[in-house]
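This chain uses plain numbering: 1 for the first residue, then up along the sequence.
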Amino acid sequence: MQLLLPVTYNSTQTFSSFVESEGLAGLVVKELKQAIDSDDFTAHYLAGQHGVGCTHLLNAACHYADEIGKSSILLPLEQVLAAEPGLIDGLDSVDVVCIDNIHLVADNHEWQTALFNLFNALLQNKATVIFAGHETPANLALSLPDLASRLQWCTLYQLPELTEALKIEALIQHAHLMEFEVTEEVAKFMINRLPRNMIFLMQALDTMAKQSIARKRVVTVPFVKDVLGI
């Protein structure tokens with residue numbers, strides 16, 4: 001059961017749709033699944049720059065928890081930091097808590113304190129907590145040493161940027177999940193003509209999916225040029 005704050009879950013961001021870099025060889029997905037399956041406290045930290053898949057994995061963790069009958073919550077800090085930290089009161093009863101963009105609390109002592117208290121409560125309740133941020137715990141420069149210490153307890157995974165071949169694979173796979181098809185030729189064209197950030201590429205893919213349905217057109221290179229103006 002997913003517990004909802006004002007957060008939109010991405011239905012295509014599952015473990016099965018995650019394209020993992022060759023160096024990780026499926027390790028991250030395997031270990032996150034094992035953590036969620038466990039009845040013991042587990043803490044993990046995903047470090048990587050915008051677009052490498054950290055948010056995808058947090059969404060996937062929530063979906064997986066839902067599949068096995070555990071409660072979950074995705075807390076994207078960029079959406080909630082303007083609110084009082086009391087917003088997260090009660091999350092200690094959730095089985096799987098995923099906190100995105102933890103680096104954003106570096107200058108917010110109140111939120112750091114709230115997250116420290118939440119971490120301790122989840123530890124006592126034998127829950128799973130997964131953080132994601134652009135920096136590793138050692139480089140966050142938090143004002144609350146206790147939170148910094150807790151984050152360094154986490155199993156750390158550093159996600160590298162995907163190679164061009166894996167970005168092509170990811171575009172083809174996500175298009176299929178969105179119920180339309182993208183050929184390797186189209187995916188290569190997108191990689192070569194658009195910014196290579198996966199967030200941007202996925203947004204472009206979403207635009208093409210909508211236009212393909214609206215125009216009842218197969219997605220080809222000329223179609224991509226027309227829709228995206230390139």
Side-chain angles (χ1 to χ4, degrees), residues 2 4-24 26 28-29 32 46-64 66-67 72 74-82 98 100-101 103-104 130 132-134 157-230:
Q2 291 174 348
L4 299 180
L5 289 172
V7 173
T8 300
Y9 290 90
N10 189 318
S11 62
T12 67
Q13 292 185 342
T14 63
F15 284 137
S16 60
S17 69
F18 183 69
V19 176
E20 205 159 331
S21 70
E22 294 165 353
L24 295 173
V28 179
V29 168
L32 290 180
L46 308 169
Q49 292 304 305
H50 192 61
V52 300
C54 294
T55 300
H56 184 136
L57 286 171
L58 297 185
N59 271 283
C62 290
H63 287 304
Y64 183 70
D66 188 49
E67 288 173 13
S72 65
L74 174 61
L75 186 69
L77 289 174
E78 74 279 6
Q79 295 185 30
V80 301
L81 275 182
C98 297
D100 204 3
N101 292 313
H103 56 277
L104 295 179
I130 308 171
H134 291 178
Y157 302 102
Q158 291 186 265
L159 303 185
E161 185 173 358
L162 293 178
T163 63
E164 180 175 314
L166 288 175
K167 287 181 179 180
I168 289 169
E169 179 184 337
L171 288 173
I172 293 170
Q173 185 168 302
H174 275 266
H176 183 73
L177 289 168
M178 295 163 74
E179 301 184 342
F180 76 109
E181 300 302 321
V182 162
T183 65
E184 185 174 342
E185 178 190 16
V186 169
K188 284 182 177 178
F189 177 79
M190 291 176 64
I191 294 288
N192 290 328
R193 296 293 297 274
L194 296 171
R196 296 193 173 198
N197 179 283
M198 284 305 296
I199 299 294
F200 188 96
L201 289 168
M202 290 300 174
Q203 289 172 343
L205 200 66
D206 183 62
T207 298
M208 288 192 297
K210 292 173 181 175
Q211 289 299 311
S212 176
I213 294 170
R215 303 186 192 187
K216 298 180 180 179
R217 293 268 305 276
V218 174
V219 177
T220 61
V221 169
F223 180 79
V224 175
K225 288 181 179 179
D226 180 37
V227 169
L228 301 180
I230 56 177

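The aromatic rings of His56 and Phe18 sit perpendicular, their planes meeting at an angle over 60°, well past the 30° parallel limit.
Phe223 has its side chain out of reach of Val186: every pair of non-hydrogen atoms, C-beta onward, lies at least 4.5 Å apart. The side-chain heavy atoms of Leu57 and Ile130, taken from C-beta on, include no pair separated by under 4.5 Å. Using a 4.5 Å cut-off on side-chain heavy atoms (C-beta onward), Arg215 and Val227 make contact. The shortest side-chain heavy-atom distance between Asp206 and Lys210 falls under the 4.5 Å cut-off.
More than 12 non-hydrogen atoms from other residues, nucleotides or ligands lie less than 6.0 angstrom from CD of Glu181.
In this structure, Gln173 and Ser16 approach most closely via the heavy-atom pair NE2-O, 3.2 Å. What you find for Ala60 and Thr14 is that their closest heavy atoms are CB-C, 3.4 Å. For the pair Ala204 and Leu228, the tightest heavy-atom approach, listed with the atom from each and the gap, is CB-CD1, 4.0 Å. Here the closest heavy-atom approach between residue Asp100 and residue Pro76 is recorded as CB-CA, 4.0 Å.
The CZ atom of Arg217 sits 12.5 Å away from atom CE of Met208, with the distance rounded to the nearest 0.5 Å. Remark: Asn101 CG to Glu78 CD distance equals 4.5 Å, nearest 0.5 Å. Leu46 CG to Cys54 SG: the interatomic distance, rounded to the nearest 0.5 Å, is 5.0 Å. How far CG of Leu32 is from OH of Tyr157: 6.0 Å, rounded to the nearest 0.5 Å.
A donor-acceptor pair under 3.5 Å is absent between the side-chain atoms of Ser212 and the main chain of Val218, judged by distance alone.
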